[in-house]
Structures are given as C-alpha cells and as structure tokens.
Amino acid sequence: MSCRISELVINCADPQRLADFWCEVLGYVELGWEHDALEIGPPEVGFGGPQPTLVFSPSTDPKRGTLPLHFDVNADDRDQDAELERLLAAGARKVDVGQPDDASWHVLADPEGNEFCLLRRRLEPLPEK
C-alpha cells in the first residue's frame, strides 16, 4: 500500500489570480470554490487523476523568503526556449536564487513570487482519455 499526492494547497493573497496563471501554465481548468479556496486540475479528470490538483487558499500571511518546496515544470509540446517565452508572457518572471550561470533550468516566479523551475527536458504528453 502507498499514498499518492492528490492535491497541493497553496496559501496566497489572490486565489483567482494564481489559479488563472497556473491554469495557463499547466493547461488546467477551474474545478470550483470551496470554503473560499479555488481548486484547479486537469480537464476531464479533476481530483483523483494521475496529476494532483492545486488548491489556492486565501491567506494574509506574507511570503517570507524562498519557499522550502517548489514546482519543477517541463514542456511537453515545445522546446525550453519557446516554453520560457510562453511562461513569461503568462505573467511569470525570472528570479535569481543563486543558481549557476550555466544552469540547464530557469528559475521563475509566479505572480505572487512563488518560485518554480522550468527544466530543459521535454516530457511526453499524457495520453488523452
């Protein structure tokens, strides 16, 4: 027996803004609001599928420094340079967390400053249902 990650909860100032950003990045859709939190997930699958959903929970606590956990994302339909341009156009920004100049990944931040990395390797798209 084992567990799997079903959802990740992210405290944030503006759940709708972050949900819109991460829907654009991941190709997710809004699944709905519950107790002031907004959940997003893969279209046609939602909660309990092979990918975890994201829940954006409102919080007034300020972000303090680099988070102890971050997302790594990989493009599945374009090269890293093209994906970087797409993410920047969606509202991401480049950040420096001390990564080497010749790093094979890009460190970015979402609209609320949460860091995530765009890795070089392209993944195979998930099979469609």
Side-chain angles (χ1 to χ4, degrees):
M1 296 190 98
S2 66
C3 290
R4 68 184 160 118
I5 296 172
S6 58
E7 61 187 19
L8 300 169
V9 179
I10 302 161
N11 292 338
C12 60
D14 187 343
Q16 186 68 61
R17 181 177 180 206
L18 277 193
D20 291 345
F21 173 80
W22 284 104
C23 280
E24 177 70 23
V25 170
L26 299 172
Y28 277 18
V29 296
E30 285 189 23
L31 300 176
W33 288 87
E34 186 173 339
H35 304 293
D36 295 329
L38 178 54
E39 185 171 19
I40 66 171
E44 314 275 331
V45 178
F47 178 83
Q51 299 170 281
T53 60
L54 301 179
V55 177
F56 298 98
S57 181
S59 173
T60 57
D61 294 335
K63 178 180 174 287
R64 300 183 204 293
T66 302
L67 299 174
L69 174 74
H70 69 267
F71 297 142
D72 286 346
V73 298
N74 299 68
D76 64 7
D77 64 349
R78 66 195 80 206
D79 68 23
Q80 185 187 41
D81 290 337
E83 185 64 359
L84 175 61
E85 292 307 312
R86 186 181 80 85
L87 296 176
L88 293 172
R93 61 182 172 77
K94 292 182 180 183
V95 295
D96 182 356
V97 295
Q99 67 270 28
D101 291 339
D102 62 348
S104 64
W105 64 91
H106 296 281
V107 182
L108 305 168
D110 71 15
E112 289 199 10
N114 300 306
E115 295 90 2
F116 67 100
C117 295
L118 171 62
L119 305 183
R120 177 172 290 163
R121 185 171 154 207
R122 186 185 302 184
L123 297 178
E124 290 296 318
L126 290 171
E128 293 192 29
K129 286 202 150 208

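In what follows, residues are counted from 1 in the order of the sequence shown.
Of the possible donor and acceptor atoms, none in the side chain of E39 sits under 3.5 Å from a partner among the backbone N and O of E34. When atom types are taken as modelled, the side chain of E7 and the backbone of F47 share no donor-acceptor pair closer than 3.5 angstrom.
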| What's the verdict on side chain to side chain contact (heavy atoms under 4.5 Å, CB included) for N11 and D61, showing C-alpha distance, side-chain angles and the deciding distance? | CA-CA 8 Å; N11 292 338; D61 294 335; 5.7 Å; no
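The shortest heavy-atom contact between C117 and H70 is SG-NE2, 3.7 Å. Nearest heavy atom pair, residue V9 against residue S57, reads CG1-CB, 4.1 Å. Between E24 and R86, the shortest heavy-atom distance links the atoms O-NH1, 2.8 Å. Here the shortest heavy-atom pairing between A37 and V55 reads CB-CG1, 3.7 Å. Contact detail for G48 and R4: the closest heavy-atom pair is O-NH2, 3.1 Å. Closest heavy-atom contact between A75 and R78: CB-O, 3.3 Å.
Residue I10 shares its hydrophobic cluster (ILVMFWY side chains chained together at separations under 4.5 Å) with I5, L8, L18, F21, W22, V25, L26, Y28, I40, L54, F56, F71, V73, L84, L87, L88, L108, F116, L118.
Remark: E83 CD to L119 CG distance equals 11.0 Å, nearest 0.5 Å.
Between V45 and P50 there is a side-chain heavy-atom pair separated by less than 4.5 Å.
Checking Q80, R121, R120, Q99 one by one against S104, the side-chain contact (heavy atoms from CB on, under 4.5 Å) holds for a single residue, R120.
Remark: D36 CG is loosely packed, at most 12 non-hydrogen atoms of other residues, nucleotides or ligands lying under 6.0 Å away.
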